Every structure is written in C-alpha cells, then in structure tokens.
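This one's a predicted model, so the numbers in the text were calculated from it and none came from an experiment.
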Amino acid sequence: MSTPTRGPYTLAPLLLIPGGLALLAGLDAALTLAGLPAPASSQRLAVLHGSLMVLAFLGTVISLERAVALRQAWGFLAPGLIGLGGIALIVLPDPLLGRLLLVHGFVLFVAVYAVLWRRNHDHTIAVQALGAVLAACAALLLTRVEVAVVLPLLIVFIVLTIGAERVELARLAMPAAAGVHLIWWSVACTAAAAATVLWPLPGWRLLGLILLGMTLWLVRHDVARRLIKTTGLPRFAAAALLLGYAWLLLAGVVLVLVGQPTEAAYDVVVHATFLGFAMSMILAHAPVILPAVLRVKLPYNIFMWVPLALLHLTLLIRVVAVTLDDFDGWSVGLYGNVVALLIFVATAVLTGFLAARPPKPRPFPTPARAAEPAQPVTTSPGTTSPDTSRTETTHA
C-alpha cells in the first residue's frame, strides 16, 4: 500500500540532478576563473563559481536530506527551488532570477528546520536552522554584493550544518551537554561572522579562533577517532572525517594569523573550508546518507578511497603551491581537485547502478543420477567383505 510520501520520495533522485549540474558548472567555472582551459570557459559562470558550489550544489544536497527526514511533500520544495535557482544561474544571462530562487529555497529550508525542531526540540536542529538562516541571508546579499563580502556567512553555514550533523550522528559518544555546548559555539560563530563586517581585521581573527575551538571540540568527542582503527566503511568514513577536521583547523589558523584573507590566504581559507572540510564530509557520509535519500544501495568498496586520497593530495599541492606563488603547481592541484570530485561522482553513480541491478538467477543444481543398487558380494562362509560397509555408507 502506498504512503503519502511515496511520490516525493520517487522524485528525490530527480531533485538531486540540478545539484549535480551545479557542481559540474561550478567546477568548470573554477577552471575558467583561474584562467585555465575548461570545457565551457564561460566568464559569466566564472563569476558565479561560489554561488554554484556552496549554495546551489551543497544547498541542494543538504536540503534534500532534510526534506526526506521531514516526510512531508511540501518540504521537497526547498531543494526543488534551490536546484532550480542553480539551473537558472547556469542558463540565464542575468543571474537575478536564479539568486532570488535560491533565496526562496533557503527560506523554505528554514521552515523545514522549524517543523523538524518542533517535533523534539533538538539542539542540533536549531543549530542547523541557524546555518540555513545565514545561507538565506548570504543568498539575498549576493543580489547586491560580491561573494567575498558574504564569505563569513557561507563558512558559518557550512560549519554549523556539518558540525550539528556530526553531533546528531555521534550522539552516544558525545557528552550529555553536547547540545547546549553546540548552541554556544553556533552563537559565537554567528557573532564573529557579523563582527567581520563591522571590524574586519579583529572580526576575522575572532572567527578563526572560534573555528579552531569548535573544531577541536568536535574532534575530541567524535567517534571517528576510534573508528579509524577499524576496517571497511567505518575506517573510510573516519579517515574522511578526520581529514576534513584537519583542513578546517588550517582555515582557522590562517584566519588567526592574517585576519581578513586576501589573495593566497583567501584561496587557502576558501578551499580548505569548502573542499577540504565540506567535500570530505560529503564523501564520509555519502555511503550512509545517499541510500537513505535516494532509496538505492551504495555499498562500500575499496575504490571509494581513490577520490578521497586524490582530493586531499591535490588540495595539499594546491595550498603549498599558492603559498610559494607557484602557478604551475597550483594549476596541477586545481585540476586534481576537479578530477577527484568527478571520480567521486562517477564512483557513486557506478556503485549505485551495479548495486541496483537484479542479481543473476542462480542455476538450479542438476539432480544427481539415482545410484544403482549395490551388487551383493559373495564371500566365503565365516568372512566379511571390507567393501560392504563402504557401499552401505555411500548410499545411506
């Protein structure tokens, strides 16, 4: 018997397609923005790189997962509008409509969190809702200002969303007051993001300090530190989580040292946060979250380590190269980042496709031929044939 959520659930894979297109367009825009050869090489898309990657792609993925958790049809309007906003940014010459669709999508996303919070008043949901509010504010401001102006809002949106998700998933390993502590961390992050507008130099340094503190707090209590000693999927997820935390720590350190990031520091902070931290967390959660969202199996396989290792290796090359002002090395790292994400998408799609195939029918075993009756063995009186017992055992 069908349920009211059956229709929206069947649309979930389709709602993920705009997010995937935003990812592809964002990767192309990254190459164009860097002045490197790209498939489309659209200068118009290059300007929209940040919006496509953070708001359109990550926003669609995160809001779709929450819409599935809501289990109400209207909740799917949030990822639908965010994804549609990404498509509008890609195809329309004027980005205004796409930006407004993103704003409306994130406003609905906040409403989804509000309903989820009313169910059990969970602190983690409240923190994620605050992150969605910041994303909605960033999307609205982007209709008037450059992405660098709203970078603190985008950073805090991602950090609060993923940090709260980790507390929610690792609840048993967290202290009893973890939810309250998370609330205080989220308030501090939001205040620091606001301070970057009023007092840029101390505001950015304050944000860096808070990111350092919150990340160390998460690492201390995250079950990933124990799961890294296991095998299979738990070890893969733990490795991705710990590597993501390491990149967020680096972003915090850079902000503390330089304050408002520019040029090389800007590149390090942005990509340590959104590639090293956010994308690594997506790789860690994909084998668990995607099956729940898309209703398809995504079994772990050893090839999942390839995009994870390539992403972090090439990001390290990129960070070192930009620090040394080595454009060739930085370009290699950038291309490696793009390839790593494409391999991840291809691995996820291929793994899901192979897992969804019906198993081949096993052939019925051919029935054994009926054994011929044992021939009586003639023995001399008073003796026993050694073959009689073997024959009887064989045919028993």
Side-chain angles (χ1 to χ4, degrees), residues 16 19 22-23 50-51 53-70 75 78-79 82-83 86 102-103 105-117 122-139 150-171 174 178-179 181-190 192-193 207 210-211 214-215 217-219 222 224 237 240-241 244-245 247-248 251-252 270 272-286 288-290 292-293:
L16 197 58
L23 173 63
S51 297
M53 294 295 292
V54 181
L55 295 176
F57 169 61
L58 292 176
T60 298
V61 173
I62 297 169
S63 61
L64 181 57
E65 189 270 334
R66 294 285 88 180
V68 171
L70 182 65
I82 294 173
L102 289 175
V103 173
F106 277 101
V107 169
L108 271 175
F109 191 19
V110 174
V112 168
Y113 276 127
V115 176
L116 288 172
W117 182 81
D122 194 330
H123 293 93
T124 61
I125 298 299
V127 170
Q128 292 176 67
L130 177 58
V133 169
L134 296 177
C137 292
V150 301
L151 179 60
L153 300 180
L154 297 177
I155 290 176
V156 177
F157 158 56
I158 292 299
V159 170
L160 295 189
T161 301
I162 296 177
E165 185 83 6
R166 287 310 304 157
V167 173
E168 184 179 3
L169 293 175
R171 194 181 301 272
M174 292 284 175
H181 294 163
L182 184 66
I183 290 288
W184 284 113
W185 283 119
S186 65
V187 171
C189 283
T190 304
L207 180 59
I210 295 172
L211 290 179
M214 183 176 177
T215 305
W217 177 76
L218 287 169
V219 172
D222 203 309
L241 291 168
Y245 287 137
W247 285 112
L248 190 58
V270 166
T273 303
F274 299 113
L275 275 181
F277 176 65
M279 289 299 180
S280 189
M281 294 296 178
I282 288 181
L283 266 67
H285 293 144
V288 177
I289 299 298
L290 287 181
V293 172

Quick one: are [X] and [Y] in side-chain contact, heavy atoms under 4.5 Å?
{"X": "Phe274", "Y": "Leu151", "value": "yes"}
{"X": "Phe277", "Y": "Thr215", "value": "no"}
{"X": "Leu154", "Y": "Ile158", "value": "no"}
{"X": "Leu64", "Y": "Ile82", "value": "no"}
{"X": "Val167", "Y": "Leu218", "value": "yes"}
{"X": "Leu241", "Y": "Met281", "value": "yes"}
{"X": "Leu116", "Y": "Leu70", "value": "yes"}

Would you name the heavy atoms of [X] and [Y] that are closest together and state the gap between them?
{"X": "Leu160", "Y": "Gln128", "answer": "O-CG, 4.4 Å"}
{"X": "Ala78", "Y": "Val112", "answer": "CB-CG2, 4.5 Å"}
{"X": "Leu55", "Y": "Ala135", "answer": "CD2-O, 4.1 Å"}
{"X": "Cys189", "Y": "Met214", "answer": "SG-SD, 4.0 Å"}
{"X": "Ala129", "Y": "Val110", "answer": "O-CG2, 4.4 Å"}
{"X": "Leu58", "Y": "Ala278", "answer": "CD1-CB, 4.2 Å"}

Using the side-chain hydrogen bond (donor to acceptor under 3.5 Å, both in side chains) criterion, which residues pair with [X]? Sequence neighbours excluded.
{"X": "His285", "result": "Arg166"}
{"X": "Thr124", "result": "Asp122"}
{"X": "Trp247", "result": "His312"}

Against Val156, only a single residue in Leu134, Leu211, Thr161 fulfils side-chain contact (heavy atoms from CB on, under 4.5 Å); can you say which? Leu134

Sequence neighbours excluded, the answer for ring-ring contact (aromatic ring centres under 6.0 Å, His included) partners of Tyr245 is none

Contacts of Tyr113 meeting ring-ring contact (aromatic ring centres under 6.0 Å, His included) (sequence neighbours excluded), chain-then-number -> Phe109

Below 30° counts as parallel, above 60° as perpendicular, anything between as tilted: where do the rings of Trp217 and Trp185 land? tilted

Spacing of [atom1] belonging to [X] relative to [atom2] belonging to [Y], to within rounding of 0.5 Å:
{"X": "Ile162", "Y": "Leu169", "atom1": "CD1", "atom2": "CG", "value": "11.5 Å"}
{"X": "Ile289", "Y": "Glu65", "atom1": "CD1", "atom2": "CD", "value": "4.5 Å"}
{"X": "Thr190", "Y": "Leu130", "atom1": "OG1", "atom2": "CG", "value": "4.0 Å"}

The criterion is salt bridge (Lys or Arg N to Asp or Glu O under 4.0 Å); which residues satisfy it with Glu168, sequence neighbours excluded? Arg66

